[in-house]
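Here it is, the structure in full.
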There are 2 protein chains.
Amino acid sequence: MRILVVEDEPKLLKSILEFLKTEDYICDGALSYREATDHVSTYNYDCLIVDITLGDGSGLELIKILKLYKSEAGIIIISAKDSLEDKIHGLELGSDDYLTKPFHLSELNARLRAVLRRKNYHGQENLKFGEIRIELSRKAVYLKETEVYFTPKEYELLLFFIANQNKVVTKTSIADHMWEDEYSFGSYDFIYSHIKNLRKKFEDSACPDYLKTIYGIGYKFELA
Amino acid sequence: MRILVVEDEPKLLKSILEFLKTEDYICDGALSYREATDHVSTYNYDCLIVDITLGDGSGLELIKILKLYKSEAGIIIISAKDSLEDKIHGLELGSDDYLTKPFHLSELNARLRAVLRRKNYHGQENLKFGEIRIELSRKAVYLKETEVYFTPKEYELLLFFIANQNKVVTKTSIADHMWEDEYSFGSYDFIYSHIKNLRKKFEDSACPDYLKTIYGIGYKFELA
DNA sequence: GCTGTACAATGAGAATTTTAGTAGTCGAAG
DNA sequence: CTTCGACTACTAAAATTCTCATTGTACAGC
């Protein structure tokens with residue numbers, strides 16, 4: 001379940017992303033208009049959460065553009081104003097729901113579930129990939145039928161790879177997803193480190209290592 | 001026993017919720033139509049209490065929609081008008097009972113019990129989870145056959161965990177559920193504090209600690 | 001095939017973050 | 001005025017994440 005959150009207030013964006021990640025969504029953030037269109041033109045999202053009171057242009061314009069790229073994605077609008085106008089415009093342009101600041105994060109989650117359900121993504125409870133099984137609601141990872149503990153970063157990374165299975169993921173995109181704001185372009189040592197930990201857990205459980213290194217590019221998670 | 005109350009008058013909603021909580025129901029509130037459908041699409045309720053004179057649309061419409069999602073849930077209609085028409089319509093659409101404003105909360109409780117009984121939830125008096133037994137009617141908690149006093153917040157938290165057993169509950173959702181009004185992105189110290197108190201009571205009674213910490217995320221209440 | 005360079009993997013420990021624990025303040029109820 | 005529960009502030013402990021130095025590996029050019 002892939003989500004893009006567009007919000008210009010860094011703190012709020014961060015806490016939304018953190019929360020959604022704890023709820024097992026694969027999500028990215030954009031601080032501006034342009035960043036958002038970049039992301040949308042690059043990745044496939046199932047739902048977009050958009051603050052329409054961004055600084056750099058009309059948020060409703062943005063929605064039109066987003067729709068062009070990704071017409072089947074759900075859209076939830078966030079707004080500070082409770083103005084009926086904006087609400088109506090938003091809904092006319094094809095947003096699926098509307099949320100007024102301030103809001104509870106679990107409220108956002110409820111809307112999100114509703115939107116995704118309306119789009120027939122009945123929230124999956126389990127993920128399977130080869131010998132790996134994940135019970136999302138329990139955050140439990142099973143390798144070959146035995147439960148293995150994964151730290152938050154490891155868990156998130158694993159989910160990310162499964163979401164992008166059979167595709168090459170660049171280190172840049174990994175860094176982008178997992179370390180939103182503060183990733184320094186210098187080295188990817190921290191990625192190597194987490195990759196190593198993942199592989200160690202596979203090995204310790206005699207689980208095949210589905211993670212292929214693509215030299216000079218990144219990784220690919222695939223069977224056999 | 002999970003209940004959703006749909007009522008657009010905030011004060012009334014609040015007092016209904018408070019009352020139901022003292023009666024040991026796990027309950028959520030919705031101030032509008034849309035909020036209600038969100039909740040219903042997200043959680044499983046055993047009964048819905050719906051004011052059909054909401055501002056944002058016909059309440060009877062709402063009931064139709066609610067039924068679509070969750071046909072086995074009981075429904076009690078609240079209405080300001082005592083019109084026979086609405087009553088008949090409501091019952092036709094599958095509501096189980098009907099209550100006219102103003103009403104006593106104890107009256108609501110009686111209807112609720114009746115509805116739940118009819119649905120074979122014959123007045124669930126006890127909850128059990130491992131070595132924990134709760135007599136809901138008395139708000140009495142037994143750990144390993146000895147009664148232990150739990151403060152109101154501890155009790156509510158315990159019920160929340162039991163209601164969400166075997167699932168990871170994030171700190172955010174705990175905060176959202178237990179401190180609906182005034183929680184702002186602060187620290188989670190108060191959660192830690194209550195968690196500690198719960199665990200202390202388990203320990204003092206030599207009762208297993210079913211509460212697992214999920215580092216960086218929240219907690220999980222499960223056997224073994 | 002050999003060699004050099006850039007990239008990737010590894011292991012250990014430092015730094016940071018998160019949680020547990022302790023003590024104490026505040027405010028409401030009696 | 002006292003008691004009790006709810007919450008806060010602070011310290012300690014635990015766990016995770018990140019850094020860094022080092023070792024190993026793939027690729028390209030010769």
Side-chain angles (χ1 to χ4, degrees), chain A residues 11 14-15 17-19 21-22 139 141 148-161 168-175 177-204 209-221, chain B residues 18 21-22 139 141 148-158 160-161 168-172 174-204 209-221:
Chain A
K11 275 190 168 178
K14 201 175 170 199
S15 63
L17 290 176
E18 274 170 8
F19 174 71
K21 281 178 183 175
T22 67
K139 288 196 190 298
V141 180
V148 177
Y149 174 71
F150 279 65
T151 71
K153 274 271 140 73
E154 287 163 9
Y155 183 82
E156 196 189 338
L157 189 56
L158 179 60
L159 247 46
F160 181 67
F161 278 125
V168 174
V169 285
T170 65
K171 278 170 293 181
T172 311
S173 74
I174 294 172
H177 285 88
M178 310 256 308
W179 290 273
E180 289 298 335
D181 20 337
E182 359 102 48
Y183 85 101
S184 50
F185 307 95
S187 86
Y188 293 111
D189 278 354
F190 48 87
I191 293 180
Y192 298 144
S193 186
H194 286 289
I195 294 280
K196 186 203 66 184
N197 293 337
L198 276 190
R199 292 216 256 234
K200 177 153 173 43
K201 286 188 175 167
F202 294 148
E203 196 189 331
D204 287 351
D209 180 9
Y210 302 112
L211 203 48
K212 307 274 180 295
T213 303
I214 312 295
Y215 188 90
I217 312 283
Y219 298 90
K220 185 160 68 161
F221 204 67
Chain B
E18 273 169 11
K21 279 180 184 172
T22 67
K139 279 185 181 306
V141 180
V148 177
Y149 172 70
F150 278 65
T151 72
K153 272 271 140 76
E154 286 164 9
Y155 184 79
E156 202 186 334
L157 188 56
L158 179 61
F160 182 66
F161 277 125
V168 171
V169 286
T170 63
K171 282 168 293 179
T172 308
I174 295 172
D176 278 2
H177 259 272
M178 308 257 308
W179 290 271
E180 297 201 12
D181 318 328
E182 3 102 44
Y183 141 83
S184 58
F185 313 87
S187 81
Y188 292 111
D189 275 357
F190 53 92
I191 293 180
Y192 298 143
S193 188
H194 286 292
I195 293 281
K196 187 207 64 188
N197 294 338
L198 277 190
R199 291 216 256 234
K200 177 151 174 45
K201 285 186 177 169
F202 294 148
E203 196 189 330
D204 287 350
D209 181 8
Y210 302 112
L211 202 48
K212 264 199 192 150
T213 302
I214 310 296
Y215 189 96
I217 311 282
Y219 296 88
K220 182 163 62 169
F221 204 68

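Just so it is clear, the model here is predicted, and its values are computed rather than measured. Within every chain, numbering begins at 1; the chains are lettered A, B, ... in the order of the sequence lines, protein sequences first and strands thereafter.
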So how far is it from Tyr192(B) OH to Ser187(B) OG, rounded to the nearest 0.5 Å?
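These two atoms lie 8.0 Å from each other.
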
Just wondering, more than 12 heavy atoms not from Lys200(B) lying within 6.0 Å of its NZ?
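Count not over threshold, so no.
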
So Tyr155(A), base contact, sugar-phosphate only, or nothing? Heavy-atom distance under 4.0 Å.
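Since no nucleic acid heavy atom lies under 4.0 Å of Tyr155(A), the category is nothing.
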
Measure across Thr22(A) and Phe19(A) and return the closest heavy-atom pair with its distance rounded to 0.1 Å.
OG1-O, 2.6 Å

Nearest whole Å is fine: how far is dC18(D) P from Lys171(A) NZ?
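So the two atoms are 17 Å apart, to the nearest Å.
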
Does Trp179(A) put a side-chain nitrogen or oxygen below 4.0 Å from OP1 or OP2 of dT17(D)?
no

Nearest-angstrom distance from the residue atom OH of Tyr188(A) to C1' of dC20(D)
18 Å

Using a cut-off of 4.0 Å on non-hydrogen atoms, how would the nucleic acid contact of Tyr219(B) be classed: base, sugar-phosphate, or nothing?
sugar-phosphate

Touch check for Ile217(B), heavy atoms < 4.0 angstrom, all strands: base, sugar-phosphate only, or nothing?
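Sugar-phosphate: the residue Ile217(B), judged by heavy atoms under 4.0 Å, touches backbone atoms but no base.
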
How many Å lie between CZ on Phe190(A) and P on dA9(C), as a whole number?
14 Å

What are the two closest non-hydrogen atoms of Met178(A) and Lys21(A), and how far apart are they?
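Residues Met178(A) and Lys21(A), closest heavy atoms: CA-NZ, 4.2 Å.
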
Assign each of Lys153(B) and Ser193(A) to its nearest nucleotide of DNA chain D by heavy atoms, then name whichever residue's nucleotide is nearer the 5' end.
Lys153(B)

Starting from C1' on dT19(C), measure out to CG on Leu211(B) and report it in whole angstrom.
12 Å

At under 4.0 Å between heavy atoms, what does Thr151(B) touch on the DNA or RNA strands: base, sugar-phosphate, or nothing?
sugar-phosphate

Specify the separation, in whole Å, of atom CD of Glu203(B) and atom P of dA20(C).
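Result: 13 Å.
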
Once you apply a heavy-atom cut-off of 4.0 Å, does Thr213(B) come out as touching a base, just sugar-phosphate, or nothing?
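Here Thr213(B) touches the backbone only, sparing every base.
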
Which whole-number value in Å describes the distance from Asp189(B) CG to dT17(C) P?
16 Å

Over all strands shown, is Phe150(B) touching base, sugar-phosphate only, or nothing at heavy-atom distances under 4.0 angstrom?
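Here Phe150(B) touches no strand at all.
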
Whole-Å distance separating the CD atom of Glu154(B) from the P atom of dC7(D)
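It is 11 Å, rounded to the nearest whole Å.
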
List the atom of Ile191(B), the atom of Lys171(B), and the distance in Å for their closest heavy-atom pair.
CD1-O, 3.6 Å

Between the base of dT17(C) and the side chain of Tyr215(B), is there any donor-acceptor pair under 3.5 Å?
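Donor-acceptor pair under 3.5 Å: yes.
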
Which whole-number value in Å describes the distance from Ile191(A) CD1 to dA8(C) P?
10 Å

Contact nearer the 5' end of DNA chain C, comparing Tyr192(A) with Glu18(A)
Tyr192(A)

Across the strands shown, which category fits Ile214(B) at heavy-atom distances under 4.0 angstrom: base, sugar-phosphate, nothing?
sugar-phosphate

Have a look at Lys196(A) and say if it touches a base, only the backbone sugar-phosphate, or nothing, with a 4.0 Å heavy-atom cut-off.
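It contacts base atoms.
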
